[in-house]
Amino acid sequence: MAKFISYVTNNIVPIFKNLDGVNIVTYVLLFLSIFVLLEMLAKNNASKVSVWLSLYVIAISVLTILLKFDKTIYFILLCSFIICVVVMFSTEIKRSVWNTKSSKRVSIETANSVKMASKNVNNCINEIIKALQNMSKNDIGAILVLSNTKIPGSIIDSGVKIDSDISSALIESIFFPKTPLHDGAIIIQNDKIQAAGCFLPLSQEGDLPKELGTRHRAGIGVTEVLNVTAIIVSEETGIISIARGGKITRYADSEMLRQTLKEYYWQDLLVKGK
Amino acid sequence: MNNGNEKSTKSKVLRVFINVIVSFLLATVVFITLNLI
C-alpha cells in the first residue's frame, strides 16, 4: 500500500501539477469522446456494453502501465474495442446521424415555413385512413412510409416516382394485388405521394413474432434507420400496424391512425396553422 | 401523464450524470496512462 501511495505521489501527481494547454485539450477531447460514446450506448439500451467498455479501458490501462506497453499497442487495444462497438451499433449510429440531419432540415423548412392549409391536412389524413381501412377490410397488404426527412435516394430510386396528391383511390389502386407496384412501399411526403413500389431495409431484429412477415420487417426496418413512421396493413389478417423508432404497435384503429397522422403533420412537419 | 414525463426527465438527468462521472473517470485513466508510457 505504501509502495502504491509513493508511486502515485512520485509519478501521477506530477502529471496534474504540470498540466499545459495541450494536456488540457487532450483531456477535454478524451472526456467528450468517451461521453458521446456512452450517451450513444445508453440511448440504445446498451448500458451493459458501457460497463464492459469501462472495465476494458481500465484493464488495458493497468496492463499497459504494469507491462510497460508501447503507446502504439495501447492505441490499437483502445481502438479495437471502439471499432467493435461501431460495427455492433452501425444501424443505431446511422439512425442518429440521419436523425440529426433531419432535425436540421426540418428547422430550415420551418424557416421557409411548410405551408399546408389546415383543410388540406385534414383531407390528406381522411384519405389515408379511408384507404387503410378499405385495404384492411379486403385483406390487401400495404405499407406506407410517412417521411419527415429526406429519404435516401436509393429507396426512392428502387420504386417509381409519382409526386401525386394523396387520394384513397390511388393508394388502393397501387396496392391492388397483381399490379406492378403493389409489393413495395409508398413514400408519403407532406401532401404528396412521392413514390410507390419502393424497397425498404429489412429489420434484422430476432425477437419479432413469427406472424410478422417481410412487409412488417420492412416497416420496422425503415423506422430503425430513419426518423419516419410506417403504417402496415397485413395481407393475411388485415390488421393495421404502426411502426416508429424500430417499435411496432399492432391493431391500430381509426383513432390511433388519426392520432399518428396528426402527429406526423402537426408535430413532425411543424405545419403552421394548427 | 405528467408523472410519467417527470419520471423520464429524472431518469434522463440521472443517466447523463452517471455518464459524465464515468467519462470523467475513464478520461482520467486514459490520460494518466498516456502520460506514464
Side-chain angles (χ1 to χ4, degrees), chain A residues 7-8 10-20 22-47 50-75 77-79 81-82, chain B:
Chain A
Y7 180 82
V8 170
N10 292 334
N11 295 294
I12 296 173
V13 173
I15 294 171
F16 291 97
K17 273 186 181 168
N18 307 320
L19 275 181
D20 58 4
V22 178
N23 279 335
I24 292 170
V25 172
T26 313
Y27 189 82
V28 171
L29 284 177
L30 274 173
F31 171 79
L32 287 177
S33 42
I34 294 171
F35 179 72
V36 168
L37 187 65
L38 291 181
E39 271 291 290
M40 190 210 80
L41 290 173
K43 275 182 192 166
N44 289 297
N45 299 324
S47 304
S50 307
V51 176
W52 283 110
L53 170 76
S54 311
L55 292 175
Y56 179 78
V57 170
I58 293 167
I60 59 160
S61 301
V62 171
L63 268 181
T64 306
I65 295 167
L66 289 179
L67 302 175
K68 295 194 171 68
F69 281 161
D70 192 38
K71 260 186 188 171
T72 326
I73 296 174
Y74 184 60
F75 274 124
L77 288 171
L78 267 186
C79 291
F81 193 87
I82 291 166
Chain B
M1 189 77 171
N2 276 341
N3 210 359
N5 282 344
E6 219 171 87
K7 255 187 185 175
S8 81
T9 316
K10 264 185 189 173
S11 67
K12 204 177 170 184
V13 170
L14 186 70
R15 188 194 75 202
V16 172
F17 179 72
I18 291 170
N19 280 344
V20 167
I21 303 287
V22 175
S23 310
F24 173 74
L25 287 173
L26 290 182
T28 310
V29 170
V30 175
F31 182 73
I32 290 170
T33 314
L34 284 175
N35 278 282
L36 284 178
I37 55 176

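Values below: every heavy atom of this structure, side chains too, minus hydrogens, waters and symmetry copies. All of these numbers come straight from a predicted model, not from anything done at the bench. Labels below follow one simple rule: chain letters A, B, ... track the order of the sequence lines, proteins then strands, and each chain is numbered from 1.
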Q: Is chain B contacted by the side chain of A:Lys71, its backbone, both, or neither, given a heavy-atom distance below 4.5 Å?
A: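 Both backbone and side chain.
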Q: Tell me the residues of residues 58-65 of chain A whose non-hydrogen atoms fall below 4.5 Å from those of chain B, in number order.
A: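 Checking residues 58-65 of chain A against chain B gives A:Ile58, A:Ser61, A:Thr64, A:Ile65.
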Q: Take a 6.0 Å sphere around OH of A:Tyr56 and say whether it holds more than 12 heavy atoms from other residues, nucleotides or ligands.
A: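 Atom OH in A:Tyr56 is crowded, with more than 12 foreign heavy atoms closer than 6.0 Å.
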Q: Could you pull out the closest heavy-atom pair between A:Leu38 and B:Ser23, with the gap in Å?
A: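 Taking A:Leu38 first and B:Ser23 second, the nearest heavy atoms are CD1-OG, 3.5 Å.
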Q: Which heavy atom of B:Phe24 sits nearest a heavy atom of A:Tyr27, and at what distance?
A: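 That closest heavy-atom pairing would be CE1-OH, 3.1 Å.
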Q: Report which part of A:Phe35 has an atom under 4.5 Å of a heavy atom belonging to chain B: side chain, backbone, both, or neither.
A: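 Looking at A:Phe35, backbone and side chain both touch chain B.
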Q: Under 4.5 Å heavy-atom distance to chain A, tell me which part of B:Leu34 shows up: side chain, backbone, both or neither.
A: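 For B:Leu34, backbone and side chain are both near chain A.
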Q: Contact part of A:Leu78 toward chain B, heavy-atom cut-off under 4.5 Å: side chain, backbone, both or neither?
A: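 Only the side chain of A:Leu78 comes within 4.5 Å of chain B.
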Q: Picking from B:Asn35, B:Val30, B:Val16, B:Ile18, which has the most non-hydrogen pairs under 4.5 angstrom with chain A?
A: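 Looking at each option in turn, the highest pair count goes to B:Val30.
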Q: By a 4.5 Å heavy-atom criterion (distance strictly below it), what part of A:Phe75 contacts chain B: side chain, backbone, both, or neither?
A: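 Just its side chain gets close to chain B.
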Q: Return the option, out of B:Val29, B:Val22, B:Leu25, B:Thr28, with the maximum number of heavy-atom pairs under 4.5 Å with chain A.
A: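 Between B:Val29, B:Val22, B:Leu25, B:Thr28, the count favours B:Thr28.
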